[in-house]
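Single-structure report; data block below.
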Amino acid sequence: MPGLGVNIDHVATIRQARQTVEPDPVWAAALAELGGADGITIHLREDRRHIIDRDVRLLKETVQVKLNLEMAAEEEIIGIALETLPDQCTLVPEKRQEITTEGGLDVLGQEDRIATACRKLQDAGMEVSLFVDPVAEQIAAAAALGADAVELHTGAYADAVSEEDTDREFAALVAAAESTREAGLVLHMGHGLTYRNVSRIAAIPGICEFNIGHSIIARAVLVGLERAVREMKALVG
Ligand code: PXP
């Protein structure tokens, strides 16, 4: 059975929108654990637009399941990972202007840089996963440089509109999942997965971990809103 890593970045996004203290991702992580999350995933971006350094430190203390830090292979962030020691680091590409992570890591185009980051993190006892597009050459490069796992980017599948495009992107993920298993890498999946599109992916054999964020947080806002309004109405009325 694959594990579910819950990405709580967008809880922090709401907090940062007001530069205040709520909602606290530390509370969100505890509730996600109560709901059965097998992991908590956070992305410490260079611009700190959602998760901030204090969250990483506190979550390392409080999270009892696997803590997965998504990060760019940049010196500053590698330093923070080496100080806080999450269980796993997922290396992702990062562009300042992007709304969310856009494409997979180009492992082939920067093998030395990724291999160096990978080794530093692994030497400190962390597992390293590389977030890649479902492309055989990228997976082979990840295996060659000694990554522990790859997370296959499911965004193109999730964003496909026509049945034809969806089927093509799904087939790419099935083939890439097979390449990952054959390369001896642990298989993760994530990005853009929702309550509607995840079941088809979950049927692919050999997946160890899903990382899902936006759809879960979006649903949480709506399923919790009615109660939140009732509670405020009781106070004002
Ligand atoms: N996996 C990776 C590597 C990501 O960068 C993200 C987004 O932060 C996710 C999974 C979660 O994506 P989503 O929020 O679309 O579920």
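Every number for a ligand or one of its atoms is a count from 1 in the order of the listing. Positions are given from 1 along the sequence.
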>> Please list, in number order, the atoms of ligand 1 under 4.0 Å from a heavy atom of V92.
In response: 3 (C)
> In terms of side-chain heavy atoms, does Q122 have a donor or acceptor partner in D148 at a distance below 3.5 Å?
Replying inline: yes
> Counting from 1, what ligand 1 atoms have a heavy atom of E151 closer than 4.0 Å?
Replying inline: 1 (N), 2 (C), 3 (C), 10 (C)
>> Closer than 4.0 Å to some heavy atom of F131 - which atoms of ligand 1 meet that?
In response: 3 (C)
> Can you hop from L69 to I40 via hydrophobic side chains spaced under 4.5 Å?
Replying inline: yes
> Which of the numbered atoms in ligand 1 are below 4.0 angstrom from a heavy atom of N211?
Replying inline: 10 (C), 11 (C)
>> Within the 4.0 Å heavy-atom shell around I212, which atoms of ligand 1 are there?
In response: 16 (O)
> What do you reckon, does G192 have a nitrogen or oxygen under 3.5 Å from a nitrogen or oxygen of ligand 1?
Replying inline: yes
>> Side chain or backbone, does G213 bring an N or O within less than 3.5 Å of an N or O on ligand 1?
In response: yes
> What pairs with E182 under side-chain hydrogen bond (donor to acceptor under 3.5 Å, both in side chains), at least two apart in sequence or on another chain?
Replying inline: none
>> Test of understanding: clusters of I, L, V, M, F, W, Y form through side-chain heavy atoms closer than 4.5 Å, transitively. Do I42 and L85 belong to the same one?
In response: yes
>> If we count only N and O atoms by modelled type, under 3.5 Å, do the side chains of N7 and T41 hold a donor and an acceptor together?
In response: no
>> I'd like to check which ligand 1 atoms, numbered from 1 as shown, lie under 4.0 Å from a non-hydrogen atom of H214.
In response: 13 (P), 14 (O), 16 (O)
>> Would you say CG of D112 has more than 12 non-hydrogen atoms from neighbouring residues, nucleotides or ligands within 6.0 angstrom?
In response: no
> Listed by chain and number, what are the side-chain hydrogen bond (donor to acceptor under 3.5 Å, both in side chains) partners of R113, not counting sequence neighbours?
Replying inline: E74, Q110
>> Is there a polar contact, in the sense of an N or O pair closer than 3.5 Å, between H10 and ligand 1?
In response: no
> When only distance counts, is E70 in polar contact with ligand 1, meaning an N/O pair under 3.5 Å?
Replying inline: yes
